[in-house]
Amino acid sequence: MAITWTPKLAVGVPQIDEEHQELFRRVNALLDAMAASRATQEVLPLLDFLSDYVGTHFGGEQRLMAAHRYPGAAAHVSQHTYFVGEYQALASEVNRSGPTALLTIKLNKLLCEWLREHVGTTDRKLGVFLQQAGAPAQR
């Protein structure tokens, strides 16, 4: 079952919105692969993508929050830290055991929850704040 990015999820910063959309595409590729019983083939490319994504994307959001003195920054950054820890734990498991079905399910769960909770709620709050603050539409 696909997870759909909609304009309602937009933060209002094109680069962040594009990065979110790419994350949705990657998660959907994993979901499609799971439905076709070939999910383990998608795990390593997705983990490689996430390795770059967490540094680039989270760093960009955090610079924006600092530049505009976002009052929810500490809680937002805490969520980023949590995700990085969970991602790193899964990546370590994959390095030890390979992309097993169980690890694929864990990765799927982590990412789907992240898209719903963080992008759908936390990032939207940041977007509303940035729009109200008249922040430029770039980072």
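None of the values given here were measured: they were computed from a predicted structure. Below, all heavy atoms of this structure are taken into account, side chains as well, without hydrogens, waters or symmetry copies.
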> Is E42 close to R38 at the side-chain level, that is, under 4.5 Å between some pair of heavy atoms?
Replying inline: yes
> Taking side chain as C-beta onward, heavy atoms only, is L130 less than 4.5 Å from M65?
Replying inline: no
> Taking atom CG of L50 and atom CG of L90, what is their separation to the nearest 0.5 Å?
Replying inline: 9.5 Å
>> Check whether S78 reaches the backbone of A74 with its side chain - one donor and one acceptor, N or O, closer than 3.5 Å.
In response: no
> If two hydrophobic side chains count as joined below 4.5 Å and joins carry through other members, does V128 share a cluster with L126?
Replying inline: no
> Just how far is it from atom CD of Q21 to atom CZ of R26, taken to the nearest 0.5 Å?
Replying inline: 13.5 Å
> Between CD of E61 and CD of E19, what distance do you get to the nearest 0.5 Å?
Replying inline: 8.0 Å
> Do any N or O atoms from the side chain of S51 and from the backbone of L47 form a donor-acceptor pair under 3.5 angstrom?
Replying inline: no
> Are L23 and Y82 linked, directly or through other ILVMFWY residues, by side chains that come within less than 4.5 angstrom of each other?
Replying inline: no
>> Test: salt bridge (charged side-chain N to carboxylate O under 4.0 Å, His left out). Region: residues 78-94. Which pairs qualify, not counting sequence neighbours?
In response: E93-K106
> Is there a side-chain contact between I16 and L64 (heavy atoms, below 4.5 Å)?
Replying inline: yes
> Of the non-hydrogen atoms in T122 and Y70, which two are nearest, and what is the gap between them?
Replying inline: O-OH, 4.4 Å
> T81 versus F58: any side-chain heavy-atom pair under 4.5 Å?
Replying inline: no
> Looking at residues at least two apart in the chain, or sitting in another chain, which of them share a ring-ring contact (aromatic ring centres under 6.0 Å, His included) with Y53?
Replying inline: F49, H57
>> Please determine whether side chain to side chain contact (heavy atoms under 4.5 Å, CB included) holds for the pair Q131 and V11, giving the CA-CA distance in whole Å, both sets of side-chain angles, and the decisive distance to 0.1 Å.
In response: CA-CA 8 Å; Q131 290 168 10; V11 172; over 6 Å; no
>> Nearest 0.5 angstrom please: R96 CZ to L103 CG, how far?
In response: 8.5 Å
For residues 107-120, tabulate all N or O donor-acceptor pairs below 3.5 Å that involve a side-chain atom, not counting sequence neighbours.
unit_1, atom_1, unit_2, atom_2, d
K109, NZ, E113, OE2, 3.1
H118, ND1, Q79, OE1, 2.6
H118, NE2, H76, NE2, 3.3
H118, NE2, H80, NE2, 3.3
H118, NE2, D123, OD1, 3.1

> When you measure from the side chain of D17 to the backbone N and O of G12, does any donor-acceptor pair fall under 3.5 Å?
Replying inline: yes
